[in-house]
Amino acid sequence: MELTLPLMVDIQHVHLTDDQFYQLCIHNPELVIERNAKGVLIFMSPVGGDSGNREMDLGGELYVWNKQTQLGKVFSSSTLFKLPGGSDRSPDVAWIELSRWQALTPEQRKRFPPIAPDFVIELRSRTDDLTTLQEKMQEYLDSGVRLGWLFNPQDQQVKVYRQGQDKEVKSLPVQLSGEAVLPGFILQVDPFTDE
C-alpha cells in the first residue's frame, strides 16, 4: 500500500503510528521527512551545492577517523533515528559507538534505528532557521546524544553541545576535539567561504 501526501497538508494534525510514518518515508523516498516528539511532520528542503559539499567534507573526516579506529558506525543525513523522546530525526552526520550499535537487533538496524547517536553534526544551510536547529540540538542532548556540533557558516561559528554542560560557541577557524566520545578525533575547520 503506497502512502502519498497531497500537495497541501496540515502537518500539525497528521497523526501517524510509527509503522505508518515508516511506510510514508519508504514509499516517498524523494521526500526528506522528520517528525518531532509531538508527531508533527517536518519536511526538509534539499540543500544547495555548497552546503552539500560542506556536509560531505565534515562527514568524510569522521568516516576516515572511524575507518582507522573501528570504534563505531558513521551515518549520513539519509539515516533517520527513532529517538527515545519519540521524535524521528536525521542529523547531517551521526556516529554510534560499536557495542551500542551491535546491541540492536538486525530488524532494528534495517528500519529507523531506535537509538540516539553518541555524536551528531548539524550544518546550517541558507534556508535553515537557527533557532529551530538549536532546539533540535537540545532535543538530541535530551535523547542521550553525548556530543554535538552545530556549524553556522552564516556567522562563521560552531556551537559545541555536551551532556551536562553549557553550550560553547567557537569562532572559525577552530580545531575541534572529539573528546572522550570520539577519542583521538581532531577536526580542523577553516572559515566557510561562498564559492
Checklist entry - Can you name the nearest heavy-atom pair linking Thr79 to Pro91, along with the distance? => result O-CD, 4.2 Å
Item to check | In one Ile/Leu/Val/Met/Phe/Trp/Tyr side-chain cluster, 4.5 Å: Leu41, Leu31 | outcome: yes
Checklist entry - Can you find a heavy atom in the side chain of Val169 that is under 4.5 Å from one in the side chain of Lys159? => result yes
Checklist entry - Quick one: are Leu16 and Leu24 in side-chain contact, heavy atoms under 4.5 Å? => result yes
Checklist entry - For Glu122 and Met137, which heavy atoms make the closest approach, and how far apart are they? => result CG-SD, 3.6 Å
Checklist entry - At their closest point, which heavy atom of Gln163 faces which heavy atom of Val145, and how far apart are they? => result NE2-O, 2.7 Å
Checklist entry - Which residue pairs satisfy the side chain to side chain donor-acceptor pair (under 3.5 Å) criterion with at least one member in residues 143-157, sequence neighbours excluded? => result Asp118-Arg146, Arg124-Asn152, Asn152-Asp155
Item to check | Donor-acceptor contact below 3.5 Å, side chain Lys136 vs main chain Tyr140 | outcome: no
Checklist entry - Is there a donor-acceptor pair under 3.5 Å between the side chain of Glu97 and the backbone N or O of Ser99? => result yes
Item to check | With Phe112, the ring-ring contact (aromatic ring centres under 6.0 Å, His included) member among Tyr22, Phe81, Phe75 | outcome: Tyr22
Checklist outcome for this item: Value for CD (Gln102) from CG (Leu98), rounded to nearest 0.5 Å, stands at 3.5 Å
Checklist entry - NZ of Lys82: more than 12 outside heavy atoms within 6.0 angstrom? => result yes
Checklist entry - Closest approach of Arg89 and Asn36, non-hydrogen atoms and distance? => result NH2-CB, 3.8 Å
Next on the checklist: What I'd like to find out is whether the side chain of Arg35 reaches to under 4.5 Å of the side chain of Asp18, using heavy atoms alone.
Outcome noted: yes
Item to check | Close side-chain approach of Leu172 to Asp190, heavy-atom, < 4.5 Å | outcome: no
Next on the checklist: So Asp19 and Arg111, do their side chains get closer than 4.5 Å, heavy atoms only?
Outcome noted: yes
Next on the checklist: Count I, L, V, M, F, W, Y as connected when their side-chain heavy atoms are under 4.5 Å apart, and connections chain through other members. Are Leu130 and Val120 then in the same cluster?
Outcome noted: yes
Next on the checklist: To check you understand the geometry: which heavy-atom pair defines the closest contact between Phe151 and Leu176, and what is its length?
Outcome noted: CZ-CD1, 3.7 Å
Next on the checklist: For a 4.5 angstrom cut-off between non-hydrogen side-chain atoms, does Arg162 reach Glu168?
Outcome noted: yes
Next on the checklist: Looking at Asp129, I want to see if its CG is surrounded by more than 12 non-hydrogen atoms of other residues, nucleotides or ligands under 6.0 Å.
Outcome noted: yes
Next on the checklist: Taking Ser125's backbone N and O only, do any of them form a donor-acceptor pair with Asp128's side chain (distance below 3.5 Å, no angle check)?
Outcome noted: yes
Next on the checklist: side-chain contact (heavy atoms from CB on, under 4.5 Å), that's the test. Do Phe21 and Asp88 meet it? Break it down for me.
Outcome noted: CA-CA 9 Å; Phe21 178 70; Asp88 298 277; 3.5 Å; yes
Checklist entry - For the atom pair CG (Asp50) and CZ (Arg54), what is the distance rounded to the nearest 0.5 Å? => result 5.0 Å
Checklist entry - How about Pro153 and Leu123: do any of their side-chain heavy atoms sit closer than 4.5 Å? => result yes
Checklist entry - Step by step, would you call Trp95 with Trp65 a ring-ring contact (aromatic ring centres under 6.0 Å, His included)? => result CA-CA 11 Å; Trp95 181 85; Trp65 168 84; 5.8 Å; yes
Item to check | Residue pair Val174 / Val158, side-chain heavy-atom distance below 4.5 Å | outcome: yes
Checklist entry - To the nearest 0.5 Å, what is the distance between CG (Leu182) and OG1 (Thr69)? => result 8.5 Å
Next on the checklist: Using the rule given for side-chain hydrogen bond (donor to acceptor under 3.5 Å, both in side chains), can you reason through Thr132 versus Gln134, listing the C-alpha separation, both sets of side-chain angles and the distance that settles it, and then say yes or no?
Outcome noted: CA-CA 5 Å; Thr132 301; Gln134 291 169 335; over 6 Å; no
Next on the checklist: Test side-chain contact (heavy atoms from CB on, under 4.5 Å) on Met44 and Ile33; report intermediate values, then the result.
Outcome noted: CA-CA 6 Å; Met44 312 297 289; Ile33 310 169; over 6 Å; no
Checklist outcome for this item: Taken to the nearest 0.5 Å, the spacing of Asp92 CG from Ser77 OG works out to 6.0 Å
Item to check | same_hphob_cluster(Val74, Leu71) at 4.5 Å side-chain heavy-atom cutoff | outcome: yes
Checklist entry - If you measure only the distance, is there a donor-acceptor pair under 3.5 Å linking the side chains of Gln138 and Asp142? => result yes
Checklist entry - Is Gln23 reaching over with its side chain to a backbone N or O of Gln20, donor-acceptor style, under 3.5 angstrom? => result no
Item to check | Verify same cluster id: Val93, Val47 (apolar side-chain graph, 4.5 Å) | outcome: no
Checklist outcome for this item: Between Arg100 and Ile115, the two heavy atoms sitting closest are NH2-CG1, 3.2 Å
Next on the checklist: What I want to check is whether the side chains of Ser87 and Glu34 have a donor and an acceptor closer together than 3.5 Å.
Outcome noted: no
Checklist entry - Applying the 4.5 Å side-chain criterion to the ILVMFWY set and letting contacts propagate, would Val64 and Phe185 be lumped into a single cluster? => result no
